Amino acid sequence: MTITIEPVKPLIGARIHISRDRLCDDDVIETVRKVLEERHVIVFPGIGVSDEEQLAFTDRLGDRVNFTRRVPGSDASAQDVYKITLDKELNFEPDYVYGTFFWHIDGVTMDIPLPKLTVLSARTLAQSGGATEFANLFAAYDLLPVAERHEMEGLRVLHSLEASLRPVYGHPGQERLERWRTMTAPMDHPLIWNHADGRKSLLLGTHADTVIGMPSVHGRALLWRLQQWAAQPDFTYRHDWQPGDMVIWNNEGTMHRVHPYTDTRRSMHRTTIAGAERPGHPASADAIARALIPAD
Ligand code: OGA
Ligand code: MN
């Protein structure tokens with residue numbers, strides 16, 4: 001049976017309309033892999049998967065990993081399906097969910113191979129808000145003026161937990177930071193990620209704190225400008241969730257965020273496919289010191 005692939009925007013997004021009993025068929029899996037390379041985000045409108053079906057699909061694409069299993073506040077019974085919700089019964093500490101309101105790449109501040117793919121299925125929609133946006137970081141690199149790409153060559157960036165929590169809490173406080181530190185590490189990543197297949201993408205997000213070896217004010221100005229550049233409409237796709245939708249994205253070459261919501265009924269089930277590449281490594285004490293250079 002032919003699989004119809006509907007492109008969504010010129011540089012990002014595709015829709016595939018299939019029933020959930022077809023999801024793990026060889027031709028579907030092969031198509032998903034291929035389409036993700038080019039389109040980065042695939043929507044399966046209204047497919048309505050169960051956790052078992054979502055996990056079976058996840059397993060067909062690689063090794064599953066639940067990098068947020070130890071997130072403070074998350075449901076310990078969640079196993080390999082992470083439940084994203086502001087419902088206090090399921091998640092007593094909203095830090096991680098609030099963090100998703102800001103552009104990010106999953107798993108960047110952990111000392112693990114960067115997660116390759118993320119699968120998210122809608123279980124209960126928010127009354128308002130809750131759309132998820134994706135930005136193509138390959139296009140954001142490719143379409144930068146050549147002179148700027150040259151200037152950025154070789155730059156290293158400190159990605160930190162503090163930077164991800166800053167927009168949520170201002171000063172998160174020692175106790176909260178200690179809880180989070182058990183599962184995260186300050187990471188030293190290249191600004192331009194040279195992927196194993198030879199392609200290049202920007203490695204950006206709210207967790208990108210400062211450029212190592214540059215006065216913080218200059219480093220942050222560069223990172224914020226690049227984040228704005230990468231989030232321009234041509235490079236992004238916004239998904240307004242409908243009941244039963246499932247989305248899979250290439251976490252290695254996109255950043256994403258969710259439009260803020262307060263509805264505690266919103267519930268999304270997430271599974272993650274492990275990656276094989278480590279663009280960076282834990283930051284040394286020296287790199288951290290050189291990432292926090294005050295202005296003259
Ligand atoms: C996440 C995430 C987006 C959403 O859980 O990492 O980014 O729409 N979620 O809830
Ligand atoms: Mn995320």
Side-chain angles (χ1 to χ4, degrees), residues 12-13 36 40-45 49 51 54 58 64-75 78-87 90-91 93-110 112 114-137 159 161 163-165 167-168 180 183-184 187 203-208 227 230-231 236-275:
I12 187 166
L36 279 173
H40 306 292
V41 180
I42 303 175
V43 179
F44 295 90
V49 290
D51 281 353
Q54 184 169 338
T58 303
R64 56 169 103 153
V65 55
N66 182 357
F67 65 94
T68 45
R69 196 198 293 264
R70 290 186 293 126
V71 157
S74 75
D75 176 4
Q79 300 280 345
D80 293 324
V81 180
Y82 179 63
K83 296 170 187 150
I84 303 155
T85 178
L86 287 170
D87 181 345
L90 290 169
N91 184 350
E93 200 163 57
D95 300 15
Y96 184 83
V97 179
Y98 286 156
T100 66
F101 293 4
F102 303 91
W103 287 113
H104 67 282
I105 297 174
D106 291 338
V108 162
T109 54
M110 289 170 193
I112 54 170
L114 203 89
K116 184 181 174 66
L117 305 169
T118 306
V119 184
L120 200 59
S121 62
R123 302 312 169 99
T124 309
L125 305 183
Q127 200 80 48
S128 70
T132 311
E133 280 186 299
F134 304 90
N136 179 346
L137 295 174
H159 291 252
L161 171 67
S164 343
L165 290 181
V168 181
W180 273 97
M183 57 169 286
T184 58
M187 295 294 288
L203 218 169
L204 294 173
T206 308
H207 31 73
Q227 189 180 103
T236 56
Y237 165 63
R238 167 187 165 142
H239 187 63
D240 289 302
W241 295 91
Q242 297 299 314
D245 283 355
M246 183 177 84
V247 173
I248 180 167
W249 69 88
N250 170 359
N251 185 60
E252 293 176 319
T254 57
M255 60 178 183
H256 59 283
R257 70 173 174 189
V258 60
H259 284 229
Y261 57 93
T262 53
D263 193 341
T264 54
R265 286 164 304 180
R266 185 183 193 263
S267 166
M268 312 293 282
H269 287 195
R270 191 191 67 199
T271 52
T272 308
I273 292 121

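Atom set for the values below is all heavy atoms of this structure, side chains included, hydrogens, waters and symmetry mates excluded. Both counts, for ligands and for their atoms, begin at 1 and track the order of listing. Given the structure is predicted, the values throughout are model-derived calculations rather than measurements.
Within the 3.5 Å criterion, the main-chain N or O of G107 finds no donor-acceptor partner in the side chain of H207. For the pair T206 (side chain) and W103 (backbone), a donor-acceptor distance under 3.5 Å is present. Counting only distance, with no hydrogens or angles, the side chain of T85 and the backbone of R266 share a donor-acceptor pair below 3.5 Å. No donor-acceptor distance shorter than 3.5 angstrom exists from the side chain of N136 to the backbone of I12, with no hydrogens or angles considered.
Relative orientation of the H104 and Y96 rings is perpendicular, given thresholds of 30° and 60° on the angle between their planes. Aromatic ring orientation, H239 versus W241: perpendicular (interplanar angle above 60°, classes split at 30° and 60°).
When non-hydrogen atoms are compared, ligand 1 lies under 4.0 Å from neither the backbone nor the side chain of R257.
Here the side chains of M255 and L137 are in contact, with some heavy-atom distance below 4.5 Å. The closest side-chain heavy-atom distance from T132 to V247 is not below 4.5 Å. Put simply, the side chain of V119 does not reach to within 4.5 Å of the side chain of V49, judged on heavy atoms. Looking only at side-chain heavy atoms (C-beta outward), D263 and S128 stay at 4.5 Å or farther from each other.
Closer than 2.8 Å to the Mn ion (ligand 2) sit the protein N, O or S atoms H104 NE2, D106 OD1, H256 NE2.
Only one option out of T58, D106, N250 pairs with T118 in a side-chain hydrogen bond (donor to acceptor under 3.5 Å, both in side chains); it is D106.
A salt bridge links R123 with D51: at least one charged nitrogen is closer than 4.0 Å to a carboxylate oxygen.
Shortest contact from atom 3 (C) of ligand 1 to any protein heavy atom: L120 CD2, 3.9 Å. Scanning the protein heavy atoms around atom 9 (N) of ligand 1, the nearest turns out to be I84 CD1, 3.8 Å. Nearest protein heavy-atom neighbour of atom 6 (O) of ligand 1: Y96 OH, 2.7 Å.
Close approach of ligand 1 to T100 (heavy-atom distance below 4.0 Å) involves ligand atoms 1 (C), 2 (C), 5 (O), 6 (O), 7 (O). With ligand atoms numbered from 1 in the order given, ligand 1 contributes 6 (O) to contacts under 4.0 Å with heavy atoms of D106. The T132 neighbourhood of ligand 1 comprises atoms 4 (C), 8 (O), with distances under 4.0 Å to a heavy atom of that residue. Counting the atoms of ligand 1 from 1 in the order shown, those under 4.0 Å from a heavy atom of R266 are 4 (C), 8 (O), 10 (O). Those atoms of ligand 1 that come under 4.0 Å of a heavy atom in V258, given as number and element, are 4 (C), 8 (O). With ligand atoms numbered from 1 in the order given, ligand 1 contributes 1 (C), 5 (O), 6 (O) to contacts under 4.0 Å with heavy atoms of R270.
Backbone and side-chain nitrogen or oxygen atoms of W241 are examined, and none is located within less than 3.5 angstrom of a nitrogen or oxygen of ligand 1. Checking only distances, Y261 never comes within under 3.5 Å of ligand 1, N or O to N or O.
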